[in-house]
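Step one of this worksheet: look at the structure below.
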Amino acid sequence: MPATATRRSPLATAYRTHTCGELRDAHAGERVKLAGWVHAYRHQGKGLVFVDLRDRAGLTQVTFDMEDSPADVLEAGSKLRQEDAVSVEGIVRIKESPNPKLPTGKIEVVVESVEVLAKTAPPPLLPSDDDTLPSEEGRLTNRYLDLRRPAMQRILQVRHEVGAIAREYFHSIGFLEVETPILCKSTPEGALDFLVPSRMNPGQWYALPQSPQLFKQILMVAGCDRYFQITKCFRDEDLRADRQPEFTQIDLEMSFVTREDVMRAMEGFARKLWKNVLDVDVPELRRMTYREAMDTYGIDRPDLRYGLELVDVSDIARRTDFKVFTGALEKPRGVVKAIRVPGGSHVLTRKITDGYTEFVKTFGAGGVPVTKVVEGGKLEGGVAKFLEPLATDLIARMGAAPGDTILFGADTYSVVTKSLGELRQKVARDMKLLDAPSAPKWSFLWVVDFPMFEWDAETSRFFAMHHPFTAPSPEDVGRFMAADPREHDTVESIVSAGYDMVVNGSEIGGGSIRIHQQDVQKKVFHLLGISEEEAQAKFSFLLEALRFGAPPHGGIAFGLDRLVMHLAGVDNIRDVIAFPKTQTGADLMCDCPSPVDKAQLDELYIKSTFAG
RNA sequence: GGGGCGGUAGCUCAAUUGGUUAGAGUACCGGACUGUCGAUCCGGUGGUUGCGGGUUCGAGUCCCGUCCGCCUCGCCA
């Protein structure tokens, strides 16, 4: 082995001395071996062939030429095609004309020997072609080629780093990584379970965990003190761009803590993540109550990178003869709210605002009344004629200036909140508010003081907004213990000790302080209409555990997939998962789910009732 | 369960009002080229227009059904 001027690569193997991303001009003159895939090749005649060799780490140009490469090597080099796997050995040389686009662009490797490790079949997807990305279907079917793309390799790298940072950080502040079962008892969380039949217990079933919630609480009772795990969770619900049936949580729980302790630990984690991955400094997180978030942003996970706040104008609207407004205000919990879009009249054409009416219809609203603010404190266009006598008050309330557009929502509180909350985000995109150079890149906040219970009129009962083990906020414990389930408004006003971390309008983590006292837990079940028997049948093991000196405890779970989406700057959850499912829950590469032999079902005592 | 968009060469796309032999780029194959780096130039192979049915003299195009993918409402504490 010749002496080398530079440090041996940690990725060196029998097939390579370095990766394709690490050679620099300092390596000039060294004998090296590289292994990877042919990313691109350029023939310059019979005597000169350039090949860009790619591995996980990057690209390096390797050169076959008739003066420096043996004839048979040059011949072999000229036959290389995209995605062949090869290993080459040669001398690092400074390029005559450097390529500033590549970190390795100052050098090339002059090939003295080449080994074709594996010729490729015709690839259905070319990792070197980033401009014409194949369909989602093609990418998922040929995932091994899709993942070869440098963009995907980078995301895998980010995801790995998030996991590594999590382990390092939580270890450093005393967390124990503990594994919890994948074969579980079906628990009372809101989503549908994936079920697994038990061969040894005919007719009985395991469920895959929707989260390790109960186990981590039991670990606290068990004296674990601080538990942490990166773990898969399973929910059999319809998918979205940010939802998969199996997803990964960074899950943790802490003993002898208040809300503040958990939130401080988690902020530290977020800060470290953003610093280490993106070199972004995360400031101290502001807090917002659930009520404020819903009132002002129409959503429990507001994106604070732009304004467009919802403003209650019910009192002004009441003084109009506009039936849309007055009619809405006659409804129970009727309200009229407005969004001021600065400079909107230049961008939001009639066509666009007509589209808003269609848009809000999907959320149950009737439409979006619109007006524009013009010079002289006047309104023009849309519903202006109904508002003219009130223009001054409205403009003052909205802080509006000429050129602004005002969008209205008039209906019940929940419809206005939902529809304007969604519309606010759409308007921000249409106005390109996030593309402005002055726009903040990151918006972090905690949303706190969630209601513990929500009344569901259809089933005439309360639902736990978080889960039934969430403790009431310390300030509300008294009111909670005294609450009468028949007094809906009182029950709905009780605030929990829960907290959600929100980044750029996406919930990336949520948790709560849990109930550790039996009488409090019983009261929750009572309010939820869960009988003693039902509670015992569903989670007696947790209730049993809580009898034996349970410490005050609380925790949080971060959605790893969504974290990586933000850190990698992608808008689709499939891109941050190596082997994701389609919207119908299929894995196109494995071709599953798929039928199984009848014998396999017999062994499990299962008979399908599916007629198809 | 509902709404929307899409499926044409290995890949990405085009194809006028329903009308000639369904085209282009790229990949691949062959040729030219000694400094390229999105190489260039010349030539070539490559098609069950997702699938099934219908209307029509004639269907990639229109109609019905169906499958698949994506976005979304409901759903997902």
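Residue numbers begin at 1 in each chain, while the letters A, B, ... track the order of the sequences.
- Note: CZ (R42(A)) to C1' (rU40(B)) measures 12 Å, nearest angstrom.
- Atom name P, nucleotides rC37(B) and rG31(B): the rounded distance is 22 Å, in whole Å.
- Neither OP1 nor OP2 of rC73(B) sits under 4.0 Å from any side-chain N or O of K361(A).
- Side-chain atoms of D238(A) and base atoms of rC75(B) include no donor and acceptor less than 3.5 Å apart.
- Projected onto RNA chain B by closest heavy-atom contact, L140(A) and D65(A) fall at different nucleotides, the more 5' of which corresponds to D65(A).
- Within the 4.0 angstrom heavy-atom criterion, no nucleotide atom of any strand lies near P122(A).
- Using a 4.0 Å heavy-atom criterion, one finds that E67(A) contacts the bases of the nucleic acid, with or without backbone contacts as well.
- Within the nucleic acid shown, K95(A) comes within 4.0 Å of at least one base atom, counting heavy atoms only.
- Within the nucleic acid shown, E422(A) has no heavy atom closer than 4.0 Å to any nucleic acid atom.
- Only the C1' atoms considered, rC73(B) is 24 Å distant from rU66(B), to the nearest whole Å.
- Residue R240(A) places at least one side-chain N or O under 4.0 Å from the OP1 or OP2 atom of rC73(B).
- Heavy atoms of N572(A) sit under 4.0 angstrom from primed sugar atoms or phosphate atoms, though from no base atom.
- Within 4.0 Å (heavy atoms only), L102(A) reaches no atom of the nucleic acid at all.
- Distance from the side chain of R574(A) is smallest for rC70(B) among the nucleotides rU34(B), rC70(B), rA27(B).
- Residue side chain R243(A) reaches the base of rC76(B) through a donor-acceptor N/O pair under 3.5 Å, judged by distance alone.
- Ranked by how close their nearest RNA chain B nucleotide is to the 5' end, K79(A) and E237(A) are led by K79(A).
- Between the C1' atom of rU36(B) and the CD1 atom of I107(A) lies a distance of 15 Å, rounded to the nearest Å.
- Considering only side-chain N and O atoms, S135(A) lies under 4.0 angstrom from the phosphate OP1 or OP2 of rU12(B).
- If you measure from atom CZ of R148(A) to atom P of rC11(B), you get 17 Å, rounded to the nearest angstrom.
- Within the structure, a side-chain polar atom (N or O) of T582(A) is placed less than 4.0 Å from OP1 or OP2 of rG69(B).
- As judged by a 4.0 angstrom heavy-atom cut-off over every strand, L126(A) is placed among residues touching the sugar-phosphate backbone only.
- A close approach under 4.0 Å does occur between a side-chain nitrogen or oxygen of Q583(A) and OP1 or OP2 of rC71(B).
- Note on T584(A): only backbone sugar-phosphate atoms sit closer than 4.0 angstrom, heavy atoms only; bases stay farther off.
- Rounded to whole Å, the separation between the P atoms of rA24(B) and rC33(B) comes to 27 Å.
- Remark: C1' of rC76(B) and CD of Q210(A) are 9 Å apart, rounded to the nearest angstrom.
- Between the CD atom of E358(A) and the P atom of rU72(B) there is a distance of 19 Å, given to the nearest Å.
- Between the side chains of D476(A) and S473(A), no donor-acceptor pair of N or O atoms lies under 3.5 Å.
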**Asked** F525(A) and F539(A): ring pair (Phe, Tyr, Trp, His ring centres under 6.0 Å), yes or no, with the steps?
**Response** CA-CA 12 Å; F525(A) 289 150; F539(A) 25 77; 5.4 Å; yes
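- Counting non-hydrogen atoms under 4.0 angstrom, R81(A) reaches the backbone sugars and phosphates but no base.
- For K418(A), taking side-chain heavy atoms from C-beta onward, the closest of the listed nucleotides rU34(B), rG74(B), rG38(B) is rG74(B).
- OP1 or OP2 of rC28(B) lies within a sub-4.0 Å distance of a side-chain N or O belonging to Y41(A).
- Across all strands shown, F363(A) has heavy atoms under 4.0 Å from sugar-phosphate atoms exclusively, and none from any base.
- Looking at E108(A), its side chain comes within 3.5 Å of the base of rG35(B) through a donor and an acceptor atom.
- Considering only side-chain atoms of Q82(A), the nucleotide from rA39(B), rC76(B), rA27(B) that sits closest is rA27(B).
- Distance NE2 (H43(A)) to C1' (rA39(B)): 12 Å, rounded to an integer number of Å.
- Among rC28(B), rG74(B), rA39(B), the nucleotide with an atom closest to any side-chain atom of Q44(A) is rA39(B).
- Comparing rU72(B), rG35(B), rU12(B) by their nearest atom to the side chain of P134(A) picks out rU12(B).
- Taking the six-membered ring where tryptophan is involved, the planes of H488(A) and F462(A) are perpendicular, since the angle between them exceeds 60° and thus also 30°.
- When heavy atoms are screened at a 4.0 angstrom cut-off, L239(A) is found touching no nucleic acid atom at all.
- In this structure, F463(A) and T459(A) have side chains that are in contact, with non-hydrogen atoms separated by less than 4.5 Å.
- For E137(A) and rG10(B), the CD to P distance is 15 Å, given to the nearest whole Å.
- With 3.5 Å as the limit, one finds no donor-acceptor pair spanning the side chains of Q249(A) and T231(A).
- For N142(A) and rU12(B), the CG to C1' distance is 15 Å, given to the nearest whole Å.
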